[in-house]
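Numbering of ligands and ligand atoms starts at 1, following listing order. Positions are given from 1 along the sequence. Computation of the quantities below employed the complete heavy-atom set of this structure, encompassing side-chain atoms and omitting hydrogens, waters and symmetry-equivalent molecules.
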Amino acid sequence: MAEPYKITQSEGKGSGVFAISTIPPGTTIMCDTPVLKLPRKLAQYTDEEVFRAFKELDEDSQARVMELHEGHRAFKTKLMRIFKANNFGYERFCVVYPKVSRINHSCVPNAAMNTRENLTTEIVATQPIRKGEEVYITYNGLFEGMTAGRRYRTLRAYYGFECRCPACALPPNDLILSDARRQLISVLDAKIRGFEPPNFHLIDHLTPTTAEQLAMQIRYDRMPLETPLTLPERAAYNLMLAKLLQAEHLTTSVVDAYRNAAYHLAEQMLQHEDIVIVACCQNVQAWMTKAIEAATSINGVESARAKSLGDEWREWQTVDHFKVYNMSRQGNLTDPGFLDGRDFAVRIGMFGPAHCSVLTMTALSRRECRALMQERLQKTSSL
Ligand SMILES: C[S@@+](CC[C@H](N)C(=O)[O-])C[C@H]1O[C@@H](n2cnc3c(N)ncnc32)[C@H](O)[C@@H]1O
């Protein structure tokens, strides 16, 4: 199949990758395999190490490396300048891709890199990209949670350019809001993953000279959370994260955030096997719907992600709580006025002998529901 992009000049950025036809979200724009590969190390690579790996390549591969962008940093050799401007660091290797290396950076990217274990990578559109528009990825996954000032320092130190993407070029008042959102994103994202928020303060001292120091390289060490998040916190943090990511137009992680908010709220509700809280079911449904909509618009309606979320949601609906919720929504409960005015929760139970028991349902007001839950809590804590 013809590739939907061409590599051509991008104003003020050297070369760039541009869409030659409209690219719907979820489309694989480009596939690439590393041309140069070095084992990952904590300390900086020396010129000799990079040269040794380069010398192993055949002539054609060497030529492909040497035609890449040199960046703007003052390393001694052209090879090192190219390596520094184009390498991607993974857990075990640092690699240079011949085609992906032509993609410029934006803090609000319209494409993302999906890399397999064998280090082949795909660039996938995460937003609709119109014909003639430039394709952007983000050079640093942590930028989602960094203020514009810290992104500026990082890009200047490691790449030597000033980003003018829509997030970095916001008017001052909007920038303050964007910075606040991104700092919150960093806190919520870290806590959801079970870590204390990363300490980005070292970046404030980052300069092109200090960038190569080891102390700067290991600044993202993460401390596990002292107290794990509770279920209500998990649901709330994921919901806030989803909303903040959307406000920042950072679409890639929105799907997981909405899905996880729904999952943890459902988990919380299912702790009471016999109580169906209507508002919880409504929220679980609303957030799963948003996750599915986001996956459909980012990955495409036929994508594995959108399908697996749809399957997951259908499976959740086979649980008694959602069955009862759906019945109440469809007015299928025996008494049509059943939930009127007391529509906070439904208590479900079984009545009669096991072989012919019937499902019973009792409407609960907010006060009744809270009293019932508190009574149970007291019983559990007195055990
Ligand atoms: C991996 S290369 C990207 C492709 C490169 N523009 C080229 O000509 O091959 C990284 C270099 O591209 C340039 N670059 C990338 N994103 C940029 C941006 N948003 N603004 C200005 N320059 C950018 C910088 O010179 C950076 O060192």
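The protein atom (non-hydrogen) at minimum distance from atom 10 (C) of ligand 1 is Y139 OH, 3.4 Å. Among all non-hydrogen protein atoms, the one lying nearest atom 19 (N) of ligand 1 is H105 O, 2.9 Å. For atom 22 (N) of ligand 1, the nearest protein heavy atom (residue, atom name, distance) is F161 CG, 3.6 Å. Looking at atom 6 (N) of ligand 1, its nearest protein heavy atom turns out to be K13 O, 2.6 Å. Protein heavy atom in closest approach to atom 14 (N) of ligand 1: N104 OD1, 3.3 Å. In terms of protein heavy-atom proximity, atom 11 (C) of ligand 1 is nearest to H69 ND1, 4.0 Å. Looking only at heavy atoms of the protein, atom 27 (O) of ligand 1 is closest to Y159 O, 3.5 Å. The shortest contact between atom 8 (O) of ligand 1 and any protein heavy atom is with S15 N, 2.7 Å.
Ion pairing between E312 and R259 holds under the 4.0 Å rule for side-chain N and carboxylate O. A salt bridge links K307 and E302; the closest N-O separation between the charged side-chain nitrogens and carboxylate oxygens is under 4.0 Å. Using a cut-off of 4.0 Å between Lys/Arg side-chain N and Asp/Glu carboxylate O, D311 and R314 are scored as salt-bridged.
Within the 4.0 Å heavy-atom cutoff, G16 does not count among the residues contacting ligand 1. At least one heavy atom of I103 lies less than 4.0 angstrom from ligand 1.
For ligand 1, the atoms sitting less than 4.0 Å from at least one non-hydrogen atom of G14 are 8 (O), numbered in the order shown with element in parentheses. Listed by number with element, the atoms of ligand 1 under 4.0 Å from a non-hydrogen atom of N86 are 1 (C), 2 (S).
When all heavy atoms of H321 and H272 are compared, the closest pair comes out as NE2-O, 3.0 Å. Closest non-hydrogen pair, A19 versus I129, comes out as CB-CG2, 3.9 Å.
F83 meets the ring pair (Phe, Tyr, Trp, His ring centres under 6.0 Å) test with Y45; sequence neighbours excluded.
No N or O atom of Y136 sits closer than 3.5 Å to an N or O atom of ligand 1.
Other residues, nucleotides and ligands contribute only 12 or fewer heavy atoms inside 6.0 Å of the CD atom of E11. When the shell of 6.0 Å around NZ of K41 is examined, it contains more than 12 heavy atoms from other residues, nucleotides or ligands.
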Q) So K379 and E375, salt bridge (Lys or Arg N to Asp or Glu O under 4.0 Å) or not? Walk me through it. A) CA-CA 6 Å; K379 272 195 194 145; E375 188 188 301; 3.8 Å; yes

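No option in F143, Y136, Y159 other than F143 meets the ring-ring contact (aromatic ring centres under 6.0 Å, His included) test with H105.
When heavy-atom distances to ligand 1 are checked against a 4.0 Å cut-off, H72 comes that close only through its side chain, counted from C-beta outward. Contact annotation for S101 and ligand 1: only backbone heavy atoms (N, CA, C, O) come within less than 4.0 Å of the ligand.
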